[in-house]
Amino acid sequence: MSMSLDSAMTGTQNHDDLTRSFAFTTQLDAVMTWGQRNSLWPLAYGTACCGIELMSVMGPKYDLARFGAEVVRFSPRQSDLLLVAGTITEKMAPVLVRIYRQMLEPKYVLSMGVCASSGGFYRAYHVLQGIDKVIPVDVFIPGCPPTPEAVLDGIMLLQKMIKDQNPRPWKQNWKAPEL
Amino acid sequence: MKHLISFDELKSDFVKNQSLQVEKYIFIDAFGDQAIEVPKDDIVVLMQFLFEVKQFDFLIDICGVDYPDRALRFDVVYHLLNSITGQRLRIKSQVAENEGVESVIQVWKGADWFEREAFDMFGIKFHGHPNLRKILTHHEFVGHPLRKDYEASRQQSCATSLPIHFDNEPGSPGDVLNPKLLPLNIGPSHPAMHGTLRVMAELDGETIVRANCEIGYLHRCFEKMAETHPYQQVIPYTDRLNYCSAPMNNIGYCKAVERLLEVEIPPKAQAIRIILAELSRIADHIVAVGTGGVDLGALSAFFHLFVFREKIYDIFEKLCGARLTVSLTRIGGIGNEPPEGWYQLILDFCDSMDKEIDEISRLMLDNKIFVKRTMGVTPIKPQEAVAWGYTGPLLRATGMAHDIRKLKPYYGYDQLDFKIPVGTSGDIYDRYLVRIEEMRESVKIVRQICKNIPEGDYTIRDKSIVLPEKKDVYGNIEGLMNHFMLIIKGIKPPQGEVYDATEAANGELGYYLVSDGSAAPYRLKVRPPCFAIYQSFPSIVKGSMIADAIAAVASMNIIAGELDR
Ligand code: SF4
């Protein structure tokens with residue numbers, strides 16, 4: 001079961017597998033992805049200003065709970081969405097990678113703000129120029145900081161990706177950096 | 001400008017002290033700041049003297065400045081403050097590349113992290129400092145980034161994290177752990193550490209035997225970025241220092257540059273700046289109190305308070321279109337005229353905020369669990385706090401009514417009716433008490449100003465400082481030329497240096513700005529309030545329970561953006 005789920009997530013079904021009826025797996029997948037996308041448990045990796053704006057997303061007005069993603073877990077073992085909100089410095093990079101590796105599959109990464117996505121306007125000696133240098137990212141949200149609406153949009157995009165079972169080559173081809 | 005203390009008086013006092021080489025001193029009085037250049041061998045004796053005899057009780061900041069063409073390459077700069085009179089003094093000393101200077105940690109223990117930072121950034125050695133190691137950059141980083149010959153964009157990757165370590169103390173080296181005790185690492189990715197702080201401790205049961213904190217996980221090279229950007233473009237970077245109250249950082253920075261340019265902003269701009277500053281103070285305290293509650297397990301205060309923070313963001317958004325990182329001020333005034341109905345919006349907010357403060361104070365301060373978790377926990381005495389360099393709500397919680405808005409009023413704070421709330425014991429409970437009362441006072445200030453907005457322009461109209469309005473840029477050739485020239489050439493303040501401080505939400509936010517006459521700052525050092533406060537953490541939590549340490553971190557309201565810069 002876990003095998004088929006895993007391969008379904010990565011979009012590499014083994015179509016020769018005669019033990020699985022096509023109709024059956026799509027339906028099961030549909031149920032699984034429905035469950036997954038509506039109960040994303042984020043690990044809020046808020047390091048800077050974007051983390052403050054992320055609080056607004058969680059807070060009463062924008063209310064991430066409407067998207068089933070309000071159960072913030074600070075343990076990587078319990079969460080499936082790594083929400084990186086804020087600048088990641090060179091000093092922080094090994095910590096981020098370790099957290100990512102500790103998360104269980106299936107897992108997704110959302111990069112909130114230009115700092116996390118590309119280093120932003122910190123073209124500077126101590127700032128990692130984008131977290132995609134060290135971990136695979138599914139959705140980038142632009143903005144400095146992105147408005148809460150933009151973050152919600154990013155989450156909806158991720159939900160859609162899960163629903164459509166988009167292939168994720170960036171994740172498949174990811175190799176843990178030598179840390 | 002008249003000073004509280006004259007150089008003649010200082011000189012005559014100095015000569016009485018045989019060990020000072022007064023004849024070599026250079027006394028500088030420029031841009032309203034007093035500075036003395038002294039030989040480096042005199043530093044400790046001089047500091048001791050200023051501390052004991054002249055009552056300079058605060059060591060506000062220590063920093064380096066690099067002049068690569070000089071034989072004695074570095075300036076070590078000390079900023080002192082006499083908290084009773086408000087007198088400030090800057091002491092500078094030159095050191096060569098491979099020399100060092102005596103540490104002043106014996107005079108003020110708050111010199112600890114400041115000296116480590118100067119060492120990290122410039123490689124200046126401080127003899128006698130027990131823990132002179134890197135502080136902001138990672139441990140694999142080679143070189144000293146704020147030296148002029150270090151390229152701003154040269155990154156060095158880091159593959160590992162340091163193991164648990166402590167400060168060296170007599171008889172107990174920092175990197176040797178005690179096998180009988182339990183080592184514990186919290187953070188940097190931990191909810192109570194706000195994502196970027198790392199605390200290490202050795203525990204006996206639940207009691208902390210020794211603790212240490214590692215910072216620098218959010219070192220975004222603000223000061224280097226400032227050196228490589230023109231004056232106007234530094235403003236957005238300042239937003240991201242203390243991002244919980246971004247406008248205050250804009251204001252502090254612009255105020256420093258304006259002093260260097262020797263311009264005075266119009267009354268209306270001053271009034272708007274006060275409104276922005278006080279609203280940000282409220283927003284900052286909302287975050288401090290709200291997340292402080294969360295760290296103790298009280299979620300409801302957070303949800304309650306954040307509704308009001310959203311209202312403040314709405315007010316900012318109405319003015320400039322951004323919520324959090326607003327960059328509202330310009331050198332010379334404010335970016336634009338507030339929209340119609342803006343002041344009324346603020347007045348409405350004030351009314352609802354008053355009620356909310358009552359509610360929140362009932363919800364938190366009268367809550368039995370909250371009281372038990374905070375009252376009498378990690379208290380600190382005023383003298384102790386001053387020695388560490390505490391300012392802001394944490395210092396006032398100890399009972400010292402120190403506030404720059406009263407001590408050296410700017411922008412007409414002296415015309416306003418407000419009080420400085422103080423605590424009595426300096427414990428965690430008092431810190432929240434002071435913050436909640438300060439919100440009340442800020443509401444009072446904002447209300448007074450909104451009812452009484454001065455007429456006139458919102459910015460000065462000096463063509464070499466302020467960009468023309470958009471309608472002129474698009475409408476006539478002079479405006480277009482003016483815009484073009486100012487963008488290409490930038491603002492060029494005269495050569496010189498200033499230190500300017502404002503009362504930010506966490507305490508004294510200072511900007512030390514050195515100009516070489518070019519369009520970008522030669523050096524911009526920020527004196528972040530929580531840097532001085534947080535360095536005391538290992539010593540104040542010693543002997544308390546681990547859960548109390550969490551409450552203590554939360555009450556300090558450490559904002560990594562300004563801590564690590
Ligand atoms: S993207 Fe902007 S708001 Fe977000 S962490 Fe970076 S500087 Fe701060």
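Nothing here was measured: the structure is a model prediction, and the numbers come from that model. Letters A, B, ... are given to chains in the order of the sequence lines, protein chains preceding strands, and every chain is numbered from 1.
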Just so I know, are the side chains of A/Tyr125 and B/Met225 near enough to count as touching, which here means a heavy-atom distance under 4.5 Å? no

Of the listed B/Ser161, B/Pro145, B/Gly561, the one with the largest count of heavy-atom pairs under 4.5 Å with chain A is B/Pro145

What's the spacing between B/Ser189 OG and A/Leu43 CG if we round to 0.5 Å? 5.5 Å

Does a donor on one side chain and an acceptor on the other come within less than 3.5 Å for B/Arg220 and A/Thr87? yes

Counting neighbours of NZ on B/Lys134 that are heavy atoms of other residues, nucleotides or ligands and sit closer than 6.0 Å, is the number greater than 12? yes

Measuring heavy-atom distances to chain B, does A/Ile52 have an atom under 4.5 Å in its side chain, in its backbone, in both, or in neither? both

Would A/Lys91 and B/Glu214 pass as an ion pair if we require N to O under 4.0 Å? yes

Side chain, backbone, both or neither of B/Ile559 within contact of chain A (heavy atoms, under 4.5 Å): neither

Measure distances from B/Thr228 to the heavy atoms of chain A and classify the residue's part below 4.5 Å as side chain, backbone, both or neither. neither

Tell me which of these, A/Gly51, A/Ala85, A/Cys144, A/Cys49, has more heavy-atom pairs under 4.5 Å with chain B than the rest. A/Cys49

Using a 6.0 Å cut-off, check whether atom CH2 of A/Trp34 has over 12 heavy atoms from anything other than its own residue. no

Checking A/Thr89 against B/His138 for the side chain to side chain contact (heavy atoms under 4.5 Å, CB included) test, could you report, in this order, the C-alpha distance in whole Å, the side-chain angles of both residues, the deciding distance, and whether it holds? CA-CA 9 Å; A/Thr89 59; B/His138 58 75; over 6 Å; no

Determine whether A/Glu53 and B/Tyr313 make a side-chain contact, defined as any pair of heavy atoms from C-beta on separated by less than 4.5 Å. yes

Going through the checks in order, is the side chain to side chain contact (heavy atoms under 4.5 Å, CB included) test met by B/His229 and A/Phe121? CA-CA 11 Å; B/His229 286 77; A/Phe121 72 170; over 6 Å; no

For A/Pro94 and B/Ala159, the nearest pair of non-hydrogen atoms, with its separation, is CB-O, 3.7 Å

Pick whichever of B/Asp239, B/Asp564, B/Leu218 has the most heavy-atom pairs under 4.5 Å with chain A. B/Leu218

Under 6.0 Å from the CZ atom of A/Arg123, do we count more than 12 heavy atoms belonging to anything else shown? no

Nearest 0.5 Å please: distance from the OG1 atom of A/Thr147 over to the CG atom of B/Leu324. 11.5 Å

Distance-only polar pair, side chains of B/Arg309 and A/Ser56, donor-acceptor under 3.5 Å: yes

Is any side-chain heavy atom of B/Arg323 closer than 4.5 Å to one of A/Pro148? yes

Where does the angle between the aromatic ring planes of A/Tyr122 and B/Tyr237 fall among parallel (under 30°), tilted (30 to 60°) and perpendicular (over 60°)? perpendicular

Looking at B/Lys148, I'd like to know if its NZ atom is crowded, meaning that more than 12 non-hydrogen atoms belonging to other residues, nucleotides or ligands lie closer than 6.0 Å. yes

Options A/Met92, A/Lys133, A/Gln129, A/Met58, ranked by heavy-atom pairs under 4.5 Å with chain B, top entry: A/Met92

With respect to chain B, which residue among A/Tyr45, A/Phe74, A/Tyr62 yields the maximal number of heavy-atom pairs within a distance under 4.5 Å? A/Phe74

A/Glu90 and B/Gln156, any side-chain heavy atoms less than 4.5 Å apart: no

